[in-house]
Number of protein chains: 2
Amino acid sequence: MGGTKAKGLLGGERISEAEYAVMEALWARAPQSAAEVGEAVGGQRDWSLATVKTLLSRLVTKGALATEADGRRFLYTPLIERSDYVGGESRRLVDRLFGGRAAPLFAHLAEAEALSAEDIAEIESLLQELKQ
Amino acid sequence: MGGTKAKGLLGGERISEAEYAVMEALWARAPQSAAEVGEAVGGQRDWSLATVKTLLSRLVTKGALATEADGRRFLYTPLIERSDYVGGESRRLVDRLFGGRAAPLFAHLAEAEALSAEDIAEIESLLQELKQ
DNA sequence: CCGATACGATTACGGTTGTAAACTGAACGC
DNA sequence: GCGTTCAGTTTACAACCGTAATCGTATCGG
């Protein structure tokens, strides 16, 4: 296989949407304690701390987070990179809905006016790079 | 009320992945009977006809399919457009993972080498159109 | 007419998800 | 020392999902 260092997520384990919110907090800053994560996601979702703890545990079980003891509590750190997760999800969507090709997705976004002028400029310069 | 023509999917109902496979069959050709849909998806998934029927029923309940009696059986027709579904899912992904901006998604796909030369050419020409 | 079929509807059942309360053990204050 | 507090662990529980078997009934072949 690739040999390039295994990256978390044992088996076909997937990260659910609620779990993803927790990962976001930890990708933004790590390590963090459960309470800190609760603080961090508090703005977006209205969860009790118990809920956050459940999600953290599940993520540890899934191999998405590592724990490091800090006195009587744990500090959590992501074991998978945000870019890996994001890349995987993107690929899944492209595969499922667009036959694996990115162009139709792009066309869709364009058609739905989901592209700002800024996006267009940015993509254009990316294209330039790719062509070299 | 809105008046702007409701388009299927009552409430926040979402189409699951298995259900989506059924929708695909019906987007490809409609209307179709349960048996026909079973035939159609048979290639991809190894489902029993019972499973297909369950999925069809759930989709009807969710307001994603309409039924039309044909003798003693039903013919199913999509109530939501594929492009609406696809657009919605794409938007959800872009919102969730890329802060609503398409450029980072594009950058990701590019970086992950998910773009073929063909894709690039296609996107380039789309960009040209957009710019005028 | 009557049994074999073909359909949709009902029921099933284990797994995951969202959401959280209850439990348990360690540490800290007094 | 001893109760309070705080942290993680266990248990809960309904909804949704994947996957299907079973049930009830209308129809078709003979």
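As the structure is a computational prediction, the values presented were derived from the model and not from experiment. Lettering of chains follows the sequences in order, A, B, ..., and the numbering in each one begins at 1.
The salt bridge (charged side-chain N to carboxylate O under 4.0 Å, His left out) test applied to B:Asp46 returns no partner, not counting sequence neighbours. B:Arg73 pairs by the salt bridge (charged side-chain N to carboxylate O under 4.0 Å, His left out) definition with B:Asp70, not counting sequence neighbours. With sequence neighbours left out, the ring pair (Phe, Tyr, Trp, His ring centres under 6.0 Å) criterion links B:Phe106 to A:Phe106. Not counting sequence neighbours, B:Glu68 has no partner by the salt bridge (charged side-chain N to carboxylate O under 4.0 Å, His left out) test. Take B:Glu17 and apply the salt bridge (charged side-chain N to carboxylate O under 4.0 Å, His left out) test, not counting sequence neighbours, and it matches A:Arg92.
Applying the ring pair (Phe, Tyr, Trp, His ring centres under 6.0 Å) definition to pairs two or more places apart or across chains, none involves residues 43-72 of chain A.
Regarding B:Glu39, its CD atom lies at a distance of 14 Å from the P atom of C:dA6, rounded to whole Å. For the pair B:Arg45 CZ and D:dC17 C1', the computed distance is 12 Å after rounding to whole Å. Rounded to a whole Å, the CG atom of B:Leu59 is 14 Å from the P atom of D:dC16. Summarising the geometry, the separation between CG on B:Leu55 and P on D:dG18 is reported as 7 Å, rounded to the nearest angstrom.
For the pair A:Arg14 and A:Glu19, the salt-bridge criterion is not met [side-chain N within less than 4.0 Å of a carboxylate O].
Within the nucleic acid shown, B:Ser48 comes within 4.0 Å of sugar-phosphate atoms alone, with no base atom in reach, counting heavy atoms only.
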Could you list the donor-acceptor pairs under 3.5 angstrom formed between side-chain atoms of residues 21-29 of chain A and any protein atom two or more places apart in sequence or on another chain?
| residue | atom | partner | partner atom | Å |
| --- | --- | --- | --- | --- |
| A:Glu24 | OE2 | A:Tyr20 | OH | 2.7 |
| A:Glu24 | OE2 | A:Arg82 | NH1 | 2.2 |
| A:Trp27 | NE1 | A:Ile80 | O | 2.9 |
| A:Arg29 | NH2 | A:Gln32 | OE1 | 3.4 |

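A sub-4.0 Å separation between OP1 or OP2 of D:dG18 and a side-chain N or O of B:Thr51 is absent.
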Extract from the structure each pairing of a protein N or O with an N or O of nucleotides 3-9 of chain D at less than 3.5 Å, listing the distance.
| residue | atom | partner | partner atom | Å |
| --- | --- | --- | --- | --- |
| D:dC6 | O2 | A:Arg72 | NH1 | 3.2 |
| D:dG8 | OP1 | A:Phe74 | N | 2.8 |
| D:dG8 | N7 | A:Lys53 | NZ | 3.0 |

Short heteroatom pairs, N/O only, protein and nucleotides 13-17 of chain C, under 3.5 Å:
| residue | atom | partner | partner atom | Å |
| --- | --- | --- | --- | --- |
| C:dT17 | OP2 | A:Lys62 | NZ | 2.9 |

